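Here the structure comes first, spelled out in structure tokens, and everything after it is commentary.
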Amino acid sequence: MGQKVHPFLQRIGIIRTWHSRWFAKPGEYPALIAEDYKIRKFIKGRAKNAAISKILIERVSGKVKVRILSARPGIIIGRHGADIERLREDLNAMLKKEISIDIEEVKNPALDAQLVSENVALQLEKRIAFRRAIKRAIEQSMNAGAQGIKISAAGRLGGAEMSRTETFKQGKIPLATLRADIDYGFAESLTTYGLIGIKTWLYKGDILTKIERNTPSADSQEQNQ
């Protein structure tokens with residue numbers, strides 16, 4: 001009882017796919033997993049203010065293709081593409097492999113759980129009251145078209161002596177429905193009182209399979225009768 005499953009992991013193979021998309025030869029798997037971790041950590045550390053949502057990694061015939069989803073792609077690219085070229089050279093030197101980098105813009109950051117979490121964490125570091133920051137984030141996401149959102153903050157909230165967890169929720173979050181498109185994000189805010197963890201669950205609606213789309217609903221069947 002009380003054991004939780006990551007919303008992304010639970011839906012892999014149903015409505016989601018992996019962030020690392022490659023096959024490994026026998027014995028190579030641990031080294032490639034460690035390589036992916038290094039790539040993501042390096043890019044996140046280099047472009048902290050770029051609002052990076054996801055880093056997708058593909059490997060084909062010895063080449064590594066990295067796709068970065070960011071709300072502020074201009075920060076990663078830099079003037080005349082200088083910063084992204086430097087990033088590519090540094091990754092090549094670190095991994096000793098040929099790396100290509102693609103940047104994709106996240107057009108609506110309010111509908112991305114990771115970016116919502118990082119936004120709230122950043123506000124807490126600027127000493128904005130946690131309730132105000134979370135309620136504003138929930139309002140922005142709901143106005144952007146989310147059907148439900150839940151944000152949980154854990155730590156010494158407001159500088160309290162004892163840590164606690166507070167959860168704010170609006171709309172519906174069907175965590176057990178596998179076709180429900182639920183995005184999950186986690187960020188840490190380093191305040192003067194210690195770390196505060198921010199978790200966000202964001203429900204965008206259901207993703208239907210081809211069979212479900214072509215099958216008439218029960219309401220339409222009743223109307224036809």
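Since the structure is predicted, the reported quantities are computational estimates derived from the model, not experimental observations.
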So does His6 have more than 12 non-hydrogen atoms from other groups sitting under 6.0 Å from NE2?
-> yes
To the nearest 0.5 Å, what is the distance between CZ (Arg164) and CZ (Arg156)?
-> 11.0 Å
Taking C-beta and beyond as the side chain, do Ile182 and Gln10 meet within less than 4.5 Å on heavy atoms?
-> no
Is the CZ atom of Phe42 crowded by more than 12 outside heavy atoms at less than 6.0 Å?
-> yes
Minimal heavy-atom distance between Leu124 and Thr191, with the atoms involved, is O-CG2, 4.0 Å
Is a donor on one side and an acceptor on the other found under 3.5 Å between the side chain of Ser117 and the backbone of Gly185?
-> yes
Out of curiosity, does Ile138 fall in the hydrophobic cluster containing Ile196 (side-chain heavy atoms, cut-off under 4.5 Å, transitive links)?
-> yes
Check: Lys65 main-chain N/O paired with Asp102 side-chain donor or acceptor under 3.5 Å = no
Give a yes or no on whether Ile57 and Tyr37 share a hydrophobic cluster (residues Ile, Leu, Val, Met, Phe, Trp, Tyr; joining criterion: side-chain heavy atoms under 4.5 Å apart).
-> no
With a 4.5 Å heavy-atom cut-off, do Arg59 and Val64 have their side chains touching?
-> yes
Pairwise side-chain contact, Asn119 with Gln140, heavy-atom cut-off 4.5 Å (strictly under) = yes
Looking only at heavy atoms, the pair that brings Ser141 and Leu111 closest together is O-CD2, 4.0 Å
Shortest non-hydrogen contact from Ile134 to Ala153?
-> CD1-CB, 3.9 Å
Take Arg132 and Gln123 through the test side-chain contact (heavy atoms from CB on, under 4.5 Å) and record every step on the way to the result.
-> CA-CA 10 Å; Arg132 184 180 170 192; Gln123 290 185 64; over 6 Å; no
Which is it for Leu91 and Ile101 under the side-chain contact (heavy atoms from CB on, under 4.5 Å) test, yes or no, and what are the steps along the way?
-> CA-CA 10 Å; Leu91 283 172; Ile101 300 175; 3.9 Å; yes
Non-hydrogen side-chain atoms of Arg88 and Asn92 separated by less than 4.5 Å = yes
Check for a donor-acceptor pair, side chain of Ser70 on one end and backbone N or O of Arg72 on the other, with a separation under 3.5 Å.
-> yes
Are the side chains of Glu125 and Leu190 in touch, meaning some heavy atoms are under 4.5 Å apart?
-> yes
CD1 (Ile99) and NZ (Lys96) are apart, to the nearest 0.5 Å, by 10.5 Å
Shortest non-hydrogen separation from Leu69 to Leu56 and the atoms involved = CD1-CD1, 4.0 Å
Should Ile103 and Glu105 be marked as a side-chain contact (heavy atoms from CB on, under 4.5 Å) after you check the CA-CA gap, both sets of side-chain angles, and the distance that decides it?
-> CA-CA 7 Å; Ile103 310 289; Glu105 185 181 2; over 6 Å; no
Would you mind checking if Asp112 and Lys54 are paired as a salt bridge, meaning a charged N to carboxylate O distance below 4.0 Å?
-> yes
Hphob cluster co-occupancy, Ile12 + Ile14, side-chain heavy atoms under 4.5 angstrom = no
Separation between NZ (Lys172) and NZ (Lys150), nearest 0.5 Å, reads 15.5 Å
Flag the pair Met142 / Ile149 as yes when at least one side-chain heavy-atom distance between them is below 4.5 Å, and no otherwise.
-> yes
Between CZ on residue Arg46 and CD1 on residue Ile84, distance to nearest 0.5 Å | 11.5 Å
How close do Ala110 and Val116 get, heavy atom to heavy atom, and via which atoms?
-> O-CG2, 3.7 Å
Nearest atoms (heavy-atom pairs only) where Arg16 meets Asp181 = NH2-OD1, 2.9 Å
Are Ile128 and Leu122 connected in a single hydrophobic cluster, I mean Ile/Leu/Val/Met/Phe/Trp/Tyr linked by side-chain heavy atoms less than 4.5 Å apart?
-> no
Contacts of type side-chain hydrogen bond (donor to acceptor under 3.5 Å, both in side chains), residue Lys97, not counting sequence neighbours | Glu35
Sub-3.5 Å donor-acceptor pair from the side chain of Ser163 to the main-chain atoms of Gly155, do we have one?
-> no
Note, Arg40 side chain near Ile52 side chain (heavy atom, < 4.5 Å) = no
Can you tell me how far the CD1 atom of Ile75 sits from the CD1 atom of Ile77, to the nearest 0.5 Å?
-> 10.5 Å
Do Trp18 and Phe8 have their ring centres less than 6.0 Å from each other?
-> no
For Phe168, the ring pair (Phe, Tyr, Trp, His ring centres under 6.0 Å) test, sequence neighbours excluded, returns none
Is it true that Ile173 and Ile198 fall in one hydrophobic cluster, defined by side-chain heavy atoms closer than 4.5 Å?
-> no
Starting at CH2 of Trp201, measure out to NZ of Lys169 and round the result to the nearest 0.5 Å.
-> 10.5 Å
4.5 Å side-chain heavy-atom contact, Val120 and Phe130 = no
Residue pair Lys44, Ile55: steps toward the side-chain contact (heavy atoms from CB on, under 4.5 Å) verdict | CA-CA 9 Å; Lys44 279 269 191 181; Ile55 298 172; 4.3 Å; yes
Quick one: does Glu58's side chain have a donor or acceptor within less than 3.5 Å of a partner on Ser20's backbone?
-> no
